[in-house]
Amino acid sequence: MTTMTETSARFREFKMPDVGEGLTEAEILKWFVQPGDTVTDGQVVCEVETAKAAVELPIPFDGVVHELRFPEGTTVDVGQVIIAIDVAPGSGDAPAPAAAPAQEPVEAPEAEAEPKGRTPVLVGYGVAESSTKRRPRKGAAAAPEAAAVAAAVQAELNGHGAPAAPTPAPAVPVQGGRPLAKPPVRKLAKDLGIDLATVVPTGKDGIITREDVHAAAAPAAPEAPAAVAPPVASAPAVAEAPAVVSDSARETRIPVKGVRKAIAQAMVGSAFTAPHVTEFVTVDVTRTMKLVAELKEDKDMADVRVNPLLVIAKALLVAIKRNPEVNAAWDEANQEIVQKHYVNLGIAAATPRGLIVPNIKDAHDKTLPQLAEALGELVTTARDGKTSPAAMAGGTVTITNVGVFGVDTGTPILNPGESAILAVGAIKLQPWVHKGKVKPRQVTTLALSFDHRLVDGELGSKVLADVAAILEQPKRLITWA
C-alpha cells in the first residue's frame with residue numbers, strides 16, 4: 001500500500017499504513033513531533049495502536065512538519081493522511097489554511113487546510129469525499145433557535161423568569177444536517193429522549209459530549225412554576241432524571257477498541273467455531289520447583305530469567321514432540337488438517353492494553369537457555385507495549401499462566417487457528433500422598449483445551465499426561481527429549 005502522496009512539489013503527505021495483516025484502522029496514541037519540527041527519513045513521528053499491538057511509525061522522507069491531521073486518541077482508517085511534511089522549507093511562505101464557512105463544523109486547527117474536494121467531518125470518522133460546491137445544509141438555521149428556546153425555558157424553570165430579550169445560544173455545529181456527536185453520545189441522547197438539536201455543545205470544536213446530554217436532561221428545580229412546561233422533546237428527560245443520576249454516579253463506559261476489541265472478536269469467533277474440549281490434571285511439581293531453584297544458581301543460566309514457566313514450556317514442547325499430531329490447524333476452505341512441523345509457542349501476556357499472545361518462533365529448536373532468553377524478551381516487550389503484529393502471528397500452541405493471579409485453573413479458549421492451549425494454575429503447598437505417607441508437597445493443576453476437530457480425547461489426554469509426568473519427574477526432559 002502506498003503510504004505517502006504529493007500535494008505539490010513542496011508538500012508531501014504520509015498516510016496511515018496497514019502495519020499488520022489486513023488491518024483497517026489504528027488509533028493514534030502519541031505524536032512525537034509537532035508542526036515546525038524538523039524530521040528526517042526513518043524518524044519515528046508517532047505511535048499507533050492497531051487491533052494487535054502498539055507500533056511506532058517512521059516518516060519516509062526529510063522535511064519540516066507542516067500539519068498533523070488528527071489529534072492523539074483518534075482512530076484513523078488505513079489510507080487516510082495523518083501528517084503533511086514541507087519537504088522544501090524556506091522556499092516561500094506556506095499557504096494559509098482556508099477559512100471555514102460560519103456554519104461548518106471545525107474538527108481541529110489543522111483540519112482547516114483540507115485539500116480541495118474533501119470535507120472535514122467529525123474527528124475519528126475519516127474524511128468524506130465531496131464536490132467542491134457546497135449544498136445548503138438542512139436544519140442548520142433551526143438548531144440555534146431550538147437551543148435558544150431550550151435555554152429560555154430552562155431559565156424559567158429555574159425560577160428566574162424568561163428574559164425580556166434572550167441572548168441566542170451558541171450555534172450548534174452540524175454535519176450533514178445534524179449536530180456533531182459520536183455514536184455513543186447519540187445513543188445516550190436517544191435513550192434519554194433528548195433532541196441533540198437543543199443541546200449546547202461544550203466539547204472541542206463544537207462536539208456534543210455525554211456531559212452536555214446529561215446537562216440537557218437535568219431535572220427541573222422544585223420551585224419551577226407548574227404552568228410552565230418544557231419543550232416536548234425534553235419531557236422524557238425530566239421523567240427519567242433519576243436514571244440519569246444513577247448512570248453518571250454508578251457506571252463507567254469504556255470504548256472497546258484496539259487490542260481489546262480484537263481480543264473480544266477473536267475469542268467469540270474461536271468459542272463458536274472450534275469445538276472446545278478441556279481436560280484437567282493435578283500434579284505434584286515439588287521436583288520441578290527444586291530444579292528451578294538449582295537452575296537459578298547455574299552459571300549457564302546466569303543471564304536469563306528462570307521460573308517455573310520455563311520448565312513448563314519445555315515440558316509442553318517435549319510432549320508435542322512425542323505427540324506431533326496435536327500441533328495442527330484446521331483449514332475450513334479446503335477441508336483439510338494442516339500438520340505443523342514447527343512449534344511457535346504462544347505465551348499469553350496481560351498488558352495495560354489488554355491480553356495479547358506473542359509467540360516464540362521455532363521454540364521446538366531452542367535449548368533451555370535460549371528458551372529462557374526468548375521468554376524474557378517476549379515478556380519485557382509485551383509489558384512495554386512494543387509487541388509487533390508479526391510477533392503475534394503464526395502461533396500454533398499457547399500457554400496461559402493463570403497461577404500468577406492465585407487461580408487454581410480454568411477452561412482457556414483457543415487462539416484462532418491454534419490446536420491447543422495449556423492453562424497453568426497456582427503452585428501451592430498442599431497435603432499429598434508421597435511414598436505412602438501424607439506430606440506437604442508443591443502441587444498445581446493443569447488444564448488443556450483443544451480443538452476436537454483436530455485432537456480427539458485420546459491424543460489430548462496423552463499430551464496432558466506427558467506434561468504432567470515431566471513436571472512430576474523433570475529428568476524426563478532428558479530421557480524423553
Side-chain angles (χ1 to χ4, degrees), residues 1-20 23-50 53-102 104-130 132 173 175 180 203-207 258 384-386 388-389:
M1 169 181 288
T2 301
T3 57
M4 55 185 174
T5 58
E6 294 190 25
T7 56
S8 67
R10 178 175 174 181
F11 296 97
R12 301 182 74 178
E13 297 175 330
F14 180 65
K15 297 179 179 180
M16 177 68 73
D18 178 1
V19 294
L23 299 175
T24 60
E25 63 182 17
E27 178 186 354
I28 298 176
L29 294 179
K30 185 176 182 180
W31 283 108
F32 298 118
V33 296
Q34 294 297 323
D37 291 351
T38 300
V39 295
T40 58
D41 185 358
Q43 178 179 339
V44 173
V45 294
C46 68
E47 181 182 29
V48 301
E49 182 183 36
T50 70
V55 181
E56 293 181 339
L57 298 183
I59 199 75
F61 35 76
D62 302 334
V64 174
V65 177
H66 175 62
E67 182 181 30
L68 304 181
R69 293 291 176 87
F70 297 95
E72 294 176 356
T74 304
T75 299
V76 181
D77 291 337
V78 168
Q80 283 192 275
V81 176
I82 59 174
I83 184 172
I85 302 295
D86 184 350
V87 295
S91 61
D93 295 334
E104 290 291 304
V106 180
E107 290 180 20
E110 62 273 19
E112 297 174 1
E114 286 291 338
K116 185 176 181 181
R118 294 162 68 84
T119 309
V121 298
L122 183 60
V123 172
Y125 292 87
V127 180
E129 298 291 344
S130 68
T132 56
Q175 175 66 34
L180 292 180
K204 183 180 179 180
D205 303 323
I207 296 175
D384 292 341
K386 303 299 183 182
S388 68

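A search for side chain to side chain donor-acceptor pair (under 3.5 Å) contacts involving Gln43 returns nothing, not counting sequence neighbours.
Smallest separation of non-hydrogen atoms from Ile83 and Arg69: N-CG, 4.2 Å. Minimum heavy-atom separation, Val76 to Met16: CB-CE, 4.0 Å. For the residue pair Pro71 and Ile28, the shortest heavy atom distance occurs at O-CB, 4.2 Å.
Between the CG atom of Asp77 and the NZ atom of Lys15 there is a distance of 12.5 Å, given to the nearest 0.5 Å. Summarising the geometry, atom CZ belonging to Arg12 is positioned 12.0 Å from atom CG belonging to Asp86; distances are rounded to the nearest 0.5 Å.
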Expected list for residues 56-65: side-chain donor-acceptor pairs under 3.5 angstrom, two or more places apart:
from	atom 1	to	atom 2	distance (Å)
Glu56	OE2	Lys386	NZ	3.2
Asp62	OD1	Asp41	N	2.5

- Please walk me through it: do His66 and Arg10 pass side-chain contact (heavy atoms from CB on, under 4.5 Å)? CA-CA 11 Å; His66 175 62; Arg10 178 175 174 181; over 6 Å; no

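Residues Ile82 and Trp31 form a side-chain contact, since some pair of their non-hydrogen atoms from C-beta on lies under 4.5 Å apart.
Only one option out of Thr38, Val44, Val45 pairs with Val33 in a side-chain contact (heavy atoms from CB on, under 4.5 Å); it is Val45.
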